[in-house]
Amino acid sequence: MTTAQQHPYPPPEPRHGHDSGHGRNASDTGHGHEHGHGHGPGPSGGHSHSHGPAAPVSQHLRKVIAAILIPFAAAVVAGLAVLWPGGAPAHERTGVGFDRQTQQATVAQVTEVSCQSVNASASAPTGDTSTAEGSSAQQQDSSTCKKATIRVDTGKDKGRTFTEIVQPDQSRQLHQGEKVVVAYEPSAPKDLQYSVADVNRRLPMALLAGVFALAVVVVGRLRGVMALVALAVSFLVLNLFILPAILQGSNPLAVAVVGSSAIMLIALYMCHGLSARTSVAVLGTLISLMLIGVLGSLFIGWAALTGNTDDNTGLIHGLYPSIDMSGLLLAGVIIGSLGVLDDVTVTQTSAVWELHEANPTLGRRALYRAGIRIGRDHIASVVNTLVLAYAGAALPLLLLFSIAQSGVGTVANSELVAEEIVRTLVGSIGLVASVPVTTALAALVVSADRGGRGPAAASAAVPAPARGGRGRRRKR
């Protein structure tokens, strides 16, 4: 910091034109710092020590933003009312996949037995070790199996026990005292009604969720608490509106758009406050979501993607033939892109606001250029994250293609992989587009706000750069 900047009465001509607006009373500038980021007391008491949103924009811009967002919010509420399902429709269980009755159980006892004795009713192994089947059969016949006694802990058959044989080559080995989930089939013979379906993972999952919530609250404090509340609201919208509405036959695209918009409005305003900064992020997210919806609809139809590519989607289509599976795929693209879009748009809006706070003389072009430089770094990392996330989810499938030594063209042309490619690229295009769109909106809002305070405020801003405010800003 120079001597001239520390002196309370510097020369009339300012040395740094971009210092303006940080040493004046908040009433002189129209940028009151009740939401500012200063750390030291201001000369007029208008500065606080909070790190909340930047100074509010002018009344005129607030009205313009409200004129856009209020009808949009009203349309979202109307969409929720029209499409609200009132609960998922009832159906008879098929007993296939996830559509089974299940109960909680405990492995009461595990004993070792000869595989030959428990497989006595089966056909004897051929002994031909030249084939994989014969070799495996002989190995199992000569090895040791496990006989597990399972006790049912819930339901009408609480306390009932049954036995299950665990082969030595099974991926899931049972251990005494282990908590498991058992499937129940009432139409089967009594001794075959129960079978082990999976391991009970509730305790480790609950513990991990608790650690996550604690970390968010400790680091984020009040913002962290609000983020967790917004996360809970998102799950409620997903489980009470989006999923039941799709099951009842509503258009998956319409349901996804309305549900995603509701999540976006609730989460962004709850986490970041009701301000012009948040409203700009909402507008940028909305425009990007519209682009993703248009591109997704175009390329899913053009690539003839059915959305019915695995056992789960096949089961859904079998249970509810009226569901548009390609529309369900598009709905997944929109919902999946929303979370990353929120991150990008909020970051870009905050960056432009902080650039304006640091140098209020920057015009909208300079703000846009500075903000877009930040956005390029952000986009490079976000797109890479998105691609790797999808690749990680599809890793077993990619391994199968690698084992089969399929070419890249063959792999990409298969519907299973083509779905992920379209999902990734459409979402990435929306993310890339959100950076210039949101940056331009934020630069337009903050620069228009500076010129909209009236002649008196504009004339008062001329000598302001020489008030020595930059010395305080450098302490940040």
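Numbers here simply count residues along the sequence, with the first being 1.
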K.L.:
Restricting to side chain to side chain donor-acceptor pair (under 3.5 Å), what partner residues turn up for Thr345, sequence neighbours left out?
P.N.:
Thr285

K.L.:
Enter the distance from Gln348:CD to Trp353:CH2 here, rounded to the nearest 0.5 Å.
P.N.:
13.0 Å

K.L.:
Please identify each residue that fulfils ring pair (Phe, Tyr, Trp, His ring centres under 6.0 Å) with Phe299, with sequence neighbours left out.
P.N.:
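Testing Phe299 for ring pair (Phe, Tyr, Trp, His ring centres under 6.0 Å), a comparison that skips the adjacent residues, returns Trp302.
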
K.L.:
Which is it for Ile263 and Val233 under the side-chain contact (heavy atoms from CB on, under 4.5 Å) test, yes or no, and what are the steps along the way?
P.N.:
CA-CA 7 Å; Ile263 291 174; Val233 172; over 6 Å; no

K.L.:
Kindly write out the residues that satisfy side chain to side chain contact (heavy atoms under 4.5 Å, CB included) with Ala230, not counting sequence neighbours, or none if the list is empty.
P.N.:
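Here the qualifying residues are Ala267, Met270, Cys271.
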
K.L.:
Output the distance between atom CD1 (Ile242) and atom CG (Leu236), rounded to the nearest 0.5 Å.
P.N.:
11.5 Å

K.L.:
Kindly write out the residues that satisfy side chain to side chain contact (heavy atoms under 4.5 Å, CB included) with Ala370, not counting sequence neighbours, or none if the list is empty.
P.N.:
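Partners of Ala370 under the side chain to side chain contact (heavy atoms under 4.5 Å, CB included) test: Leu355, Arg373.
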
K.L.:
Please report the shortest heavy-atom distance between Ser447 and Gly363, naming the atom on each side.
P.N.:
CB-C, 4.3 Å

K.L.:
Determine, step by step, whether Leu240 and Trp84 satisfy the side-chain contact (heavy atoms from CB on, under 4.5 Å) criterion, reporting the C-alpha distance in whole Å, the side-chain angles of both residues, the deciding distance to 0.1 Å, and the verdict.
P.N.:
CA-CA 9 Å; Leu240 299 181; Trp84 192 263; 4.2 Å; yes

K.L.:
Could you give the distance from CG (Leu330) to CG (Asn251), rounded to the nearest 0.5 Å?
P.N.:
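Between atom CG of Leu330 and atom CG of Asn251 there are 9.0 Å.
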
K.L.:
Could you report the tightest heavy-atom contact between Val432 and Pro436, atom names first, then the distance?
P.N.:
O-CD, 3.0 Å

K.L.:
Which pair of non-hydrogen atoms, one from Leu228 and one from Phe212, has the smallest distance, and what is that distance?
P.N.:
CD2-CE2, 3.9 Å

K.L.:
Do Ser250 and Ile246 have side chains that approach each other closer than 4.5 Å (heavy atoms only, starting at C-beta)?
P.N.:
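No, side chains not in contact.
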
K.L.:
Under 4.0 Å between a Lys/Arg side-chain N and an Asp/Glu carboxylate O for Glu354 and Arg277?
P.N.:
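Yes.
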
K.L.:
Is a donor from one side chain sitting under 3.5 angstrom from an acceptor on the other, for Ser350 and Thr347?
P.N.:
no

K.L.:
Can you see which heavy atom on Gly430 is nearest to which on Leu341, and at what distance?
P.N.:
O-CD2, 3.8 Å

K.L.:
Which atom names give the shortest non-hydrogen contact between Val280 and Ala442, and what distance separates them?
P.N.:
CG1-N, 3.7 Å

K.L.:
Quick check: do Leu283 and Phe72 have side-chain heavy atoms less than 4.5 Å from each other?
P.N.:
no

K.L.:
For the CG atom of Leu268 and the CG atom of Leu338, what is their distance to the nearest 0.5 Å?
P.N.:
8.0 Å

K.L.:
Passes side-chain contact (heavy atoms from CB on, under 4.5 Å), Asp198 versus Arg201? Steps please.
P.N.:
CA-CA 9 Å; Asp198 207 345; Arg201 303 179 179 88; 3.0 Å; yes

K.L.:
Would you say the side-chain atoms of Thr278 pair up with the backbone N or O of Leu274, donor to acceptor, closer than 3.5 Å?
P.N.:
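A pair under 3.5 Å: no.
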
K.L.:
So do the side chains of Ile372 and Arg376 get within less than 4.5 Å of each other, counting heavy atoms only?
P.N.:
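Heavy-atom side-chain distance check passes, below 4.5 Å.
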
K.L.:
If you measure from CD1 on Ile334 to CE on Met290, what distance do you get to the nearest 0.5 Å?
P.N.:
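Ile334 CD1 to Met290 CE: 11.0 Å, rounded to 0.5 Å.
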
K.L.:
Can Thr154 and Gln104 be said to form a side-chain contact (heavy atoms from CB on, under 4.5 Å), step by step?
P.N.:
CA-CA 6 Å; Thr154 59; Gln104 307 302 314; 3.9 Å; yes

K.L.:
Any donor and acceptor pair, going by atom type alone, linking the side chain of Thr438 with main-chain N or O of Ser434 inside 3.5 Å?
P.N.:
yes

K.L.:
Are Thr102 and Val182 side-chain neighbours, meaning at least one heavy-atom pair lies under 4.5 Å?
P.N.:
no

K.L.:
Tell me, do Tyr368 and Leu362 make a side-chain contact under 4.5 Å, heavy atoms counted?
P.N.:
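No, side chains not in contact.
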
K.L.:
Is any side-chain heavy atom of Val181 closer than 4.5 Å to one of Val199?
P.N.:
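No, too far: nothing below the 4.5 Å cut-off.
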
K.L.:
Could you give the distance from OG (Ser234) to CE (Met264), rounded to the nearest 0.5 Å?
P.N.:
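Going from OG on Ser234 over to CE on Met264, the span is 11.5 Å.
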
K.L.:
Per the side chain to side chain donor-acceptor pair (under 3.5 Å) rule, what does the pair list look like for residues 323-337, sequence neighbours excluded?
P.N.:
Asp324-Ser326

K.L.:
Going by distance alone, is a donor N or O of one side chain under 3.5 Å from an acceptor N or O of the other, for Ser279 and Tyr269?
P.N.:
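Ser279 vs Tyr269: donor-acceptor pair found between side chains.
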
K.L.:
Closest approach of Ile287 and Val437, non-hydrogen atoms and distance?
P.N.:
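Looking at all heavy atoms of both residues, the shortest contact is CD1-CG1, 3.9 Å.
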
K.L.:
Would a 4.5 Å heavy-atom cut-off, applied to side chains only, mark Asn200 and Val180 as touching?
P.N.:
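Answer no - side chains too far apart.
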
K.L.:
Sequence neighbours left out, what passes side chain to side chain contact (heavy atoms under 4.5 Å, CB included) with Val340? Give chain and number order.
P.N.:
Val382, Leu386, Leu431

K.L.:
Got more than 12 heavy atoms from elsewhere within 6.0 Å of CZ, Arg172?
P.N.:
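Above 12, so yes.
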
